[in-house]
2 protein chains.
Amino acid sequence: MNQLKEALDSLKETGVRITPQRHAILEYLINSMSHPTADEIYKALEGKFPNMSVATVYNNLRVFREVGLVKELTFGDASSRFDFVTTHHYHVICENCGKIVDFLYPGLDEVEHLASHVTGFKVENHRMEIYGLCPDCTSKEVH
Amino acid sequence: MNQLKEALDSLKETGVRITPQRHAILEYLINSMSHPTADEIYKALEGKFPNMSVATVYNNLRVFREVGLVKELTFGDASSRFDFVTTHHYHVICENCGKIVDFLYPGLDEVEHLASHVTGFKVENHRMEIYGLCPDCTSKEVH
DNA sequence: TCTTATATTATAATTGTTATAATTAATTTT
DNA sequence: AAAATTAATTATAACAATTATAATATAAGA
């Protein structure tokens, strides 16, 4: 149940070197509940690594993505967000304040199957986002 | 059944001026089956409008989005794609060649309801993309 | 510890998109 | 229909996110 240790092990297995920066980025991703952007990670680790380059954050997020530890989320807005991969879940996003809430739901297997059948694709996975107003913004809503 | 005429009418209704550029962009979007990027539209209309600025394309795509005629799609890759709004459908995307195929499926209402119930959001809509390999790429696949 | 391959840094380049200001064109008012 | 008004277009610059480059530093294995 130690996610960080497991993640580091899986890096080792794939021959990816474990550097202090990588350790810190992974740790931050695991402890963060907020789907951070690359820049947020960069700023959050500024204190610990005053010399770290933003390229390092991007490079390592790409490495983690390739290894399957991290998922890159692109919503409508400017920059990508990154999510440490745990169990399968979807995202519910507030269109007003941008808050992102995880939403567990058994995978939509039947949709994948139908899509495969109709289009002839060999379907691998899917993503879904649900948009609306969060409770805070709903109550403040102007009519 | 004339989509272009209907679209132009709905622009008129909302007080949006119909310019030759807007006409051409809309026409291109309707006839294009390819979910083009802003730049693709720009290049496609270069012959007809040698002086058109790329800003015009972006501006008008935003206008069309605000009026509800067009949907902006952001996938993992660099630039947004734009889709003329017709009936509700999802997209099946080839991870190898990038091909995008429309996939009709009755909206996942029950997922929206459950998400709303669990998170307390006032849910408005959702999006879903299905990823895999298209038939062409499946047959060429290397093992 | 030495070696070698890889990671990091600092910086520049690139790309998609948006902002600005001047010009042009569409609509409204006279 | 002409003048006035409003909005759209253009050309350009600015911006922000991301990626490429080259030099330096560091992790892991011999």
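Here is the naming used below: chain letters follow the sequence lines, and residue numbers restart at 1 for every chain.
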Enumerate all atom pairs, one protein N or O and one N or O from nucleotides 23-30 of chain C, separated by less than 3.5 Å.
none

Output a table of nitrogen or oxygen pairs between the protein and nucleotides 18-22 of chain D separated by less than 3.5 Å.
from: D:dT18; atom 1: OP1; to: A:Ser80; atom 2: N; distance (Å): 3.1
from: D:dT18; atom 1: OP1; to: A:Ser80; atom 2: OG; distance (Å): 3.3
from: D:dT18; atom 1: OP2; to: A:Tyr58; atom 2: OH; distance (Å): 2.2
from: D:dT18; atom 1: O5'; to: A:Tyr58; atom 2: OH; distance (Å): 3.3

Problem set entry | Ring geometry between B:Phe103 and B:Tyr90 (parallel below 30°, tilted from 30 to 60°, perpendicular above 60°) | tilted
Problem set entry | Spacing of CD belonging to A:Glu110 relative to NE2 belonging to A:His117, to within rounding of 0.5 Å | 15.0 Å
For this session: Please name the pair of heavy atoms, one in A:Gly132 and one in B:Glu124, separated by the smallest distance, quoted to 0.1 Å.
Result: CA-CG, 3.5 Å
Exercise. Between B:Met52 and B:Val57, is any pair of side-chain heavy atoms under 4.5 Å apart?
Worked result: yes
For this session: Give a yes/no on whether any side-chain N or O of A:Gln21 is located under 4.0 angstrom from OP1 or OP2 of C:dT9.
Result: yes
Problem set entry | Distance in Å, B:Ile41 CD1 paired with B:Leu26 CG, rounded so as to fall on 0.5 Å steps | 9.5 Å
Exercise. So, do A:Leu8 and A:Arg22 sit near enough that their side-chain heavy atoms are less than 4.5 Å apart?
Worked result: no
For this session: Say whether A:Leu4 and A:Phe82 are linked into one hydrophobic cluster, either directly or through other cluster members, by side-chain heavy-atom distances under 4.5 angstrom.
Result: yes
Seminar exercise, completed: Taken to the nearest 0.5 Å, the spacing of A:Leu29 CG from A:Asn60 CG works out to 10.5 Å
Problem set entry | C:dT8 OP1/OP2 closer than 4.0 Å to side-chain N/O of A:Asn60 | yes
